[in-house]
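The structure displayed is predicted, hence computed values, not measured ones.
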Amino acid sequence: MGSTIFERARPAASVIAQSLGDTRHAPFWLDDIAPQPRHPRLSADLDCDLAVVGAGYLGLWTALIAKQQDPGARVVLLEARTVGWAASGRNGGFCEASLTHGEENGRSRWPNEIDRLNELGLTNLDEIERSVTDLGLDCDFERTGAIDLAIEEHQVDWLREEPTGADTVFLDAAAVRREVDSPTYLAGLWHRRSNALVHPGKLAAELARVATELGVEIFEHTPVRRLDSAGLGPAQGSNLVTPSGTVRARKTALATNVFPSLLKRNRLSTVPVYDYVLMTEPLSAEQLASIGWQHRQGLSDLANQFHYYRLSADNRILFGGYDAIYHYGARVRSEYENRPASYERLASHFFTTFPQLAGLRFSHRWAGAIDTSTRFCAFFGTARGGRIAYAAGFTGLGVGATHFAAKVMLDQLAGRQTERTQLEMVRGRALPFPPEPIASMGIQTTRWSLDRADHNGGRRNVILKTLDALGLGFDS
């Protein structure tokens, strides 16, 4: 087995230790927003036209768009904790056009639709950009594009095989290092229009602000314990039972993503995979000049266990990915977020990537659970006679795709047959994960195989080839 660049050019242990010495264990994005108005806890029973469960991006877009479509409707948003506290406040802020977790995944699953899905994804990103302007969303939105990076020789060949055009440019080693200067870069593919960067915490806060201004009623610290439709006809909707009151909703949209579904049919449709992130202190002018990055693109490498990184508005570098950790039992627990080995590994890989930044410190470290599905992008559906719609399983690319998914759910709840609802991608089901202990064995074996491929010129073993043939192939 070979080695990767991160093993061949490992920084000194003292550089890693110094960089993590004063790091705060908290999501930077949530620390970096002004104190937000707190929304009340539900304190009495109420009736509404639409109840949305979950105040992350999916729930916020769903509630907001519902009020835009029908200003007279009573829309209630129920959140177990606070707006944007989970994945929507912990992600890297990459707002990608892809609805299918990349071209390869989409083409392998929906070859007859992929060209249209790509068009719809770009349209969706354009719509988000217009909403940022039209709604006055203060969220540091930048349409920077993104660069796929080759950091091993075999990955250069992969990039050369990709089609190029006006909005997709191949960069050789010299060209990519003129964009961002790292000794690890061998080539790049710059997708100029298919990605934007946002401040995740600000986006969630701003969506909540606009939704409230439109008349959405947001209740925080109001977990929904169960959905009860017994004795209610489809036109009467469902009872959403919380510890402090019951909401009777004519229609319900479930936007709980990584958390256990309120519908039994979806309990095995996602698993939580923990992703780890570091954020540096702001770079000085000299430090920024040493790496270039004038066009501020989002960056990610092509390994199975890949890194993603970007600049913030105040020129910090967010650096995350690589480790994707599944815990037996598919539970979401705060104690899984503090994993020193992952943070030390990320810091090591950061200084391999940018050795000229030795001495830079990380101000924040955090983690979040990704709602991973077996098809690695969102799945959709309705339940109980069309009175409930759901979407989940975004597998790390939900910042942009949740806007599209919100429109799908609202179409479904209204009984509208639209291009969105008729897509094979929307109508199909994701295969469930097996129960434990099979799920844990399978996921850990897959992670081991992906690591071996990264150490073996990208060559996939028989396990990965079998998963590919079954439509279950994945990188981290």
Assess whether side-chain contact (heavy atoms from CB on, under 4.5 Å) is satisfied between R193 and D126, documenting all intermediate values. CA-CA 10 Å; R193 294 289 297 164; D126 290 341; 4.1 Å; yes
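- Closest approach of T62 and A253 over heavy atoms only: CG2-CB, 3.9 Å.
- Using a cutoff of 4.0 Å between basic side-chain nitrogens and carboxylate oxygens, R109 and E424 are not scored as salt-bridged.
- In this structure, the side chains of E79 and H221 stay at 4.5 Å or more apart for every pair of heavy atoms.
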Verdict with reasoning, E337 to Y274, per side-chain contact (heavy atoms from CB on, under 4.5 Å): CA-CA 7 Å; E337 297 172 19; Y274 275 81; 4.0 Å; yes
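- Annotation: side chain to side chain donor-acceptor pair (under 3.5 Å) contacts involving residues 383-394, sequence neighbours excluded, comprise S229-R384, Y390-R429.
- Counting heavy atoms of neighbouring residues, nucleotides and ligands inside a 6.0 Å radius, atom CD of E119 exceeds 12 of them.
- Ring centroid separation for the pair H199 and W29 comes in under the 6.0 Å cut-off.
- Applying the ring-ring contact (aromatic ring centres under 6.0 Å, His included) definition to pairs two or more places apart or across chains, those involving residues 394-445 are W61-H403.
- Heavy-atom neighbours of Q417 CD from other residues, nucleotides or ligands within 6.0 Å: at or below the threshold of 12.
- Under a 4.0 Å N-O distance rule, the pair R81/E220 does not qualify as a salt bridge.
- Separation of the F219 and H39 ring centroids does not fall under the 6.0 Å cut-off.
- Using cut-offs of 30° and 60° for the angle between ring planes, the F350 and F354 rings count as perpendicular.
- L64 has its side chain within reach of L207: a pair of non-hydrogen atoms, C-beta onward, lies under 4.5 Å apart.
- A salt bridge links E103 with R107; the closest basic N to acidic carboxylate O contact falls under 4.0 Å.
- Not one N or O on the side chain of Y336 forms a donor-acceptor pair closer than 3.5 Å with the backbone of G368.
- Looking at every heavy atom in both residues, V75 comes nearest to A66 through CG2-CB, 4.2 Å.
- Between F376 and H101, the distance from one ring center to the other does not fall under 6.0 angstrom.
- Side-chain contact between R345 and Y276: absent, with no pair of heavy atoms (C-beta onward) separated by less than 4.5 Å.
- With R143 contributing its side chain and A196 its backbone, the two residues share no donor-acceptor pair below 3.5 Å.
- Within 6.0 Å of the CZ atom in R38, the count of heavy atoms belonging to other residues, nucleotides or ligands exceeds 12.
- Applying the side chain to side chain donor-acceptor pair (under 3.5 Å) test to pairs two or more places apart or on separate chains, those with a residue in residues 248-260 are N239-R248.
- Listed for the T372 side chain is no donor-acceptor partner under 3.5 Å among the backbone atoms of T270.
- Between H349 and Y322, the two ring planes are perpendicular [angle over 60°; tilted spans 30° to 60°].
- Atom CZ of R427 has more than 12 neighbouring heavy atoms from other residues, nucleotides or ligands inside a 6.0 Å radius.
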